[in-house]
Amino acid sequence: MRVAVFSCKPYDRDSFTRANGVFGHELSFFDAALTAQTCSLAEDAEAVCVFVNDQIDAHLLRCLAGRGIKGVALRCAGFNNVDLAAAHEVGIQVVRVPAYSPHAVAEHAVALMLTLNRHTHRAFNRVREGNFALNGLLGFDMHGKTVGIIGTGRIGTVLTRIMTGFGCTVLAQDQVENAECKALGVRYVDRDALLAQSDIISLHCPLTDETRHLIDHRSIPLMKQGVMLINTGRGALVDAAAVTAGLKNGQIGALGLDVYEQEDALFFEDHSSEIIQDDVLERLLTFPNVLITAHQGFFTREALIMIADTTLGNLSQLEHHEFCANIL
Ligand code: NAI
């Protein structure tokens with residue numbers, strides 16, 4: 001199949017080129033994001049392949065359909081950036097990679113927790129500058145703390161395993177109670193109870209109308225004073241302005257973000273020589289108890305191999321009109 005791959009980074013080219021040895025698709029790689037302006041790059045392609053911040057709205061889908069594009073292959077799990085109803089209307093099939101490495105994201109959430117707790121990001125800089133003082137680096141034992149996990153799907157389940165291994169009590173909130181989590185001793189509670197009882201809250205549910213800004217001016221006051229909040233789900237699960245207020249008044253004691261609501265204007269690119277215009281993000285970056293990574297939760301060798309294999313396999317199934325389990 002002729003596939004135009006958008007929002008490409010060197011590591012995408014590497015992993016897709018390597019995996020494509022088995023599939024034999026004709027891949028064209030483009031650095032540009034897929035937009036109504038750049039879709040002409042797809043030329044005679046039959047499908048496009050995109051990433052998390054390509055906004056596949058109704059207008060773009062009509063442009064793609066007009067060019068004869070039959071498929072959109074998301075090389076990610078989340079699909080909140082695609083207007084699925086519009087895709088169905090114009091006859092474009094959308095496929096995704098539902099699971100590539102839940103371990104990658106869960107382990108990154110733990111990295112954020114441990115770094116924020118033990119201040120290793122600050123200790124790294126201090127020691128390199130000859131400052132061996134411990135003031136300001138006081139942490140807490142993870143053992144015995146209560147971790148609240150919102151969304152116990154693939155990633156939430158791996159995180160549950162890790163947290164129970166640390167000796168934490170795990171509370172969860174999900175419409176579907178996961179048998180493995182329950183066997184690990186997880187107690188399902190309603191969201192307000194989870195917010196009220198957790199020392200650490202970690203978000204692992206998809207972004208939907210119901211979960212948008214689930215952390216906001218209403219929910220933050222329900223949390224324990226000094227709670228640690230971790231978001232590796234989707235940026236818009238959190239109202240960043242409300243969280244900033246929570247950090248200023250001490251209700252939120254530490255914040256770890258791998259995703260950010262306005263990330264598509266910044267993430268995955270080098271803006272280090274520019275004046276960044278996003279005042280909310282810039283304010284968040286001034287807090288010593290905030291750690292932001294640029295959507296790298298998925299970024300492990302194992303995950304990249306799985307993403308390329310699954311995406312190219314999905315495209316082969318679309319090409320040959322075979323059953324595809326990853327169609328949306
Ligand atoms: P999953 O589909 O296996 O699990 C999601 C869970 O959330 C399900 O158990 C579902 O029932 C639950 N859920 C849905 N609505 C909910 C609600 N209103 N309240 C509580 N729970 C709710 O998905 P998976 O693979 O665990 O991924 C979770 C999310 O992580 C994805 O939707 C994606 O947004 C994000 N993600 C982030 C990555 C990163 O690099 N930072 C990489 C991969 C995924």
Side-chain angles (χ1 to χ4, degrees), residues 102-103 105-121 137-206 210-211 213-234 237-239 242-243 245-247 249-259 287-293 297:
H103 303 282
V105 184
E107 289 169 13
H108 191 70
V110 177
L112 294 176
M113 283 176 203
L114 292 179
T115 306
L116 283 164
N117 175 15
R118 306 304 296 268
H119 311 281
T120 42
H121 55 316
L137 302 184
L138 188 67
F140 56 82
D141 285 5
M142 296 287 286
H143 183 268
K145 294 298 179 293
T146 299
V147 179
I149 299 180
I150 299 186
T152 50
R154 297 177 191 89
I155 296 169
T157 302
V158 175
L159 183 64
T160 298
R161 266 187 242 135
I162 299 172
M163 292 292 98
T164 50
F166 273 46
C168 297
T169 298
V170 179
L171 300 179
Q173 183 258 312
D174 197 313
Q175 299 99 319
V176 186
E177 297 196 356
N178 179 304
E180 183 181 348
C181 292
K182 286 179 88 168
L184 286 164
V186 170
R187 190 154 56 84
Y188 280 90
V189 294
D190 66 35
R191 191 178 292 164
D192 286 0
L194 181 145
L195 298 176
Q197 293 171 36
S198 301
D199 301 297
I200 300 171
I201 297 169
S202 197
L203 309 180
H204 301 285
C205 56
E210 200 271 314
T211 61
H213 286 190
L214 74 87
I215 304 297
D216 63 4
H217 286 293
R218 189 203 70 86
S219 54
I220 292 169
L222 302 178
M223 298 177 189
K224 274 190 181 179
Q225 186 72 18
V227 67
M228 180 188 289
L229 176 66
I230 304 291
N231 185 14
T232 61
R234 281 291 178 267
L237 297 175
V238 168
D239 176 348
V243 160
L247 284 159
N249 68 28
Q251 183 87 37
I252 297 176
L255 174 70
L257 299 180
D258 186 48
V259 285
F287 293 100
N289 51 349
V290 171
L291 177 56
I292 301 180
T293 53

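Each residue takes its place number in the sequence, starting with 1.
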Hey, could you give me each pair passing salt bridge (charged side-chain N to carboxylate O under 4.0 Å, His left out) that has a residue in residues 145-154? Not counting sequence neighbours.
none
With sequence neighbours excluded, what pairs up with A242 under the side-chain contact (heavy atoms from CB on, under 4.5 Å) test?
H217, I220, D239
Sorted by chain and residue number, the side-chain hydrogen bond (donor to acceptor under 3.5 Å, both in side chains) partners of T157 (sequence neighbours excluded) come out as N178
Residue list, salt bridge (charged side-chain N to carboxylate O under 4.0 Å, His left out) with R218, at least two apart or on another chain:
D192
Within a strict 4.5 Å, meaning less than it, do heavy atoms of the L194 and I201 side chains meet?
yes
If you count the non-hydrogen atoms of other residues, nucleotides and ligands that lie under 6.0 Å from CZ in R161, is the total more than 12?
yes
In chain order, what residues pass the side-chain contact (heavy atoms from CB on, under 4.5 Å) check against V147, with sequence neighbours excluded?
I149, M163, C168, I200
Measure from the side-chain N and O atoms of D199 to the backbone N and O of T146, and report whether any donor-acceptor pair falls under 3.5 Å.
yes
Pairing residues for T115 by the side-chain contact (heavy atoms from CB on, under 4.5 Å) criterion, not counting sequence neighbours
T120, H121, L291
Sequence-distant partners of A193, side-chain contact (heavy atoms from CB on, under 4.5 Å), two or more places apart:
V189, D190, Q197
Considering residues at least two apart in sequence or located in another chain, which fulfil the side-chain hydrogen bond (donor to acceptor under 3.5 Å, both in side chains) criterion with S202?
H204
Can you find a pair of side-chain heavy atoms, one from C205 and one from L214, that are under 4.5 Å apart?
yes
With sequence neighbours excluded, what pairs up with R191 under the salt bridge (charged side-chain N to carboxylate O under 4.0 Å, His left out) test?
E210
The criterion is side-chain hydrogen bond (donor to acceptor under 3.5 Å, both in side chains); which residues satisfy it with N117, sequence neighbours excluded?
none
Just jot down the side-chain hydrogen bond (donor to acceptor under 3.5 Å, both in side chains) partners of Q251, sequence neighbours excluded, or say none.
none
Residues that E107 engages under salt bridge (charged side-chain N to carboxylate O under 4.0 Å, His left out), provided they are two or more places apart:
none
